[in-house]
Amino acid sequence: MPLSTSDPSPDCPLCPRLVAFRREWRAKQPDWNNAPVPSFGVDDGRVLIVGLAPGLRGANRTGRPFTGDYAGDLLYQTMLDFGFARGVFEARPDDSLTPIDTAITNAVRCVPPENKPTTDEIRTCRPFLTATIAAMPRLRAIIALGKIAHDSVVVALGERMARHKFGHRARHNIGALSVFDSYHCSRYNTNTGVLTPQMFQDVFSDVREFIDSDTR
Ligand code: URA
């Protein structure tokens, strides 16, 4: 099943606050995406990267996850460095950046005000995450960027959050999948030293090693 079958419709009505925010920005910036941002990448990839939610002037503007803001600069460069993408990342959806063996999605598909989805919005959007995971038949590893993505992935996989605590560089085996945690690659986290590029690379190095040694 193609990944696109697991995306919400462009006019998804499920979260009233996010629908209102999308409408507000559609009026201010009619040329922006201002709609749920679809997953991007390889349908039969073995790796899924899960972010938080589209950035207002990044993915919400361009329509591609992590495209157009600082978080994407670090993410896509790191994917290129570890062989999870090829081409040139130019922060626009028509650049030549092509994921390899990997797809990228968000725990919440619509841009939330202040970059903060509510608990209800995270729960309401989770079926799309579950469907994305289900649409990837060869999936082996999930990289969860930040605690919100981690928690939503754990619940989407049918596990209890209390049994799987988020931790940078922690790895959780859930069924046939391994979930690799990283602090989110936001500008805030890198500016404050919570996440250095080296710490982010360490996670991708762990995943590279895992995927390369995987014989299933
Ligand atoms: N852009 C995304 O698509 N997701 C994030 O979590 C951050 C920026």
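As a basis for the values below, the full set of heavy atoms in this structure was taken, side chains included, without hydrogen atoms, waters or symmetry mates. Each ligand, and each atom within it, is numbered from 1 in the order the structure gives.
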Carboxylate-amine/guanidinium contact Asp95 Arg92, below 4.0 Å: no

Residues forming a ring-ring contact (aromatic ring centres under 6.0 Å, His included) with Phe66, sequence neighbours excluded: His184

Listed once per pair and sorted, the side-chain hydrogen bond (donor to acceptor under 3.5 Å, both in side chains) pairs that draw on residues 42-58, sequence neighbours left out: Arg46-Asp101

Close residues, ligand 1: non-hydrogen atom nearer than 4.0 Å: Gly51, Leu52, Ala53, Pro54, Gly55, Ala59, Pro65, Phe66, Asp69, Asn106, His184

Tyr183 and Phe200: CA distance, side-chain angles, deciding distance, ring pair (Phe, Tyr, Trp, His ring centres under 6.0 Å) verdict: CA-CA 8 Å; Tyr183 289 130; Phe200 200 50; over 10 Å; no

Ion pair check, Arg169 and Asp202, cut-off under 4.0 Å: yes

Results of ring-ring contact (aromatic ring centres under 6.0 Å, His included) for Phe84 - residues two or more places apart only: none

